[in-house]
Amino acid sequence: MANVTSVLDLLSKQRVNINDNFKTLYAQGKEIAAKLDIKEKIPRVCRLQTDHNNVPYSTEEEYYRRAAYVPYLDDFCNSLKERFEFHKETVASLQHILPEFCTKTDFCSLEAAFNFNEEDLSHKEVVQSEFMLWKEKWSQEKSENLPKTAISSLEKCDKTLFPNIYILLKLLAVLRVSVATVERSFSSLRRLKTYLRNTT
């Protein structure tokens with residue numbers, strides 16, 4: 001979750017410094033286009049059709065910044081927020097199972113993750129006592145020796161002693177971080193960009 005937050009922070013900074021960032025990207029794009037002998041041009045502007053991207057512009061750079069870069073960046077930020085805001089509390093709670101965090105917290109901080117994954121776990125009292133043993137195990141270790149990730153914690157977790165902790169660590173390790181929006185958009189594009197239309 002911390003990684004997602006840092007990505008969102010980075011993207012919001014990109015949004016603030018949008019002109020500088022786009023200038024760099026645009027210059028790189030022009031260099032590549034020049035090497036490939038591709039001429040830079042803007043799609044024709046249509047006064048009557050509202051489906052075209054008729055943004056006001058004075059240069060080609062301004063057109064591509066307004067018509068492509070800004071909408072893409074906004075859509076990407078919104079997609080990330082939508083994807084992670086819904087499960088933010090659960091994922092943040094699930095992180096407390098990591099040895100790095102469990103030594104500084106109690107079972108209450110893990111409650112949201114327990115409630116969300118209740119079907120996969122034992123009774124609450126069993127999980128709670130298992131968590132206390134897990135916490136005790138890692139509180140005796142030096143902070144630099146504590147596993148920092150779910151996978152490294154999973155390797156050090158005894159499945160027979162900590163079956164519920166093992167399940168929670170597995171869930172944390174395999175959390176999905178992608179959506180199929182891109183694939184869906186390509187499938188939709190096939191309806192517009194057909195073989196027959198391309199060859200007419």
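Taking every heavy atom of both residues into account, Asp120 and Ile167 meet most closely at O-CD1, 3.4 Å. Phe114 and Val127 get closest at one heavy-atom pair: CE1-CG2, 3.7 Å. Nearest heavy-atom pair across Thr160 and Pro163 is O-CD, 3.8 Å.
Linking Ile, Leu, Val, Met, Phe, Trp and Tyr residues whenever their side-chain heavy atoms come within less than 4.5 Å places Leu154 and Leu133 in a single cluster. Note on Ile38 and Leu25: separate hydrophobic clusters, where clusters join Ile, Leu, Val, Met, Phe, Trp and Tyr whose side-chain heavy atoms are under 4.5 Å apart, directly or indirectly. Cluster membership check: Leu161 does not share its hydrophobic cluster with Val126, using side-chain heavy-atom separations under 4.5 Å among Ile, Leu, Val, Met, Phe, Trp and Tyr.
With values rounded to the nearest 0.5 angstrom, Lys156 atom NZ is found 9.5 Å from Leu146 atom CG. Interatomic distance, Phe131 CZ to Leu168 CG, rounded to the nearest 0.5 Å: 10.0 Å. Interatomic distance, Lys124 NZ to Asn115 CG, rounded to the nearest 0.5 Å: 6.0 Å. With rounding to the nearest 0.5 angstrom, the CZ atom of Arg66 is 4.0 Å from the CD atom of Glu62.
In this structure, Asn164 contributes its side chain and Ser122 its backbone to a donor-acceptor pair below 3.5 Å. Of the possible donor and acceptor atoms, none in the side chain of Asn145 sits under 3.5 Å from a partner among the backbone N and O of Glu141. In this structure, the side chain of Asp75 does not engage the main chain of Pro71 through any donor-acceptor pair within 3.5 Å.
Contact check on Lys35 versus Glu31 returns no salt bridge, with no Lys/Arg side-chain nitrogen under 4.0 Å from an Asp/Glu carboxylate oxygen.
Within a 6.0 Å radius of NZ in Lys148, other residues, nucleotides and ligands contribute more than 12 heavy atoms. Within 6.0 Å of CD on Glu144 lie more than 12 heavy atoms contributed by other residues, nucleotides or ligands.
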Side-chain atoms of residues 97-108: list all donor-acceptor pairs with protein atoms under 3.5 Å, sequence neighbours left out, distances to 0.1 Å.
residue, atom, partner, partner atom, Å
Lys104, NZ, Glu100, O, 3.4
Thr105, OG1, Ser109, OG, 2.5

- Message: What verdict does the side chain to side chain contact (heavy atoms under 4.5 Å, CB included) test give for Leu169 and Trp134, after you've listed the backbone C-alpha separation in whole Å, the side-chain angles of each residue and the deciding distance to 0.1 Å?
- Response: CA-CA 12 Å; Leu169 283 168; Trp134 179 252; 4.0 Å; yes
- Message: Does Asn21 form a side chain to side chain contact (heavy atoms under 4.5 Å, CB included) with Tyr69? I'd like the steps, not just the answer.
- Response: CA-CA 10 Å; Asn21 295 327; Tyr69 185 68; 3.6 Å; yes
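Residues Trp138 and Pro147 are in side-chain contact: their nearest non-hydrogen atoms beyond the backbone lie under 4.5 Å apart. Residues Tyr64 and Phe22 have side chains in contact (heavy-atom distance under 4.5 Å, counting atoms from C-beta outward).
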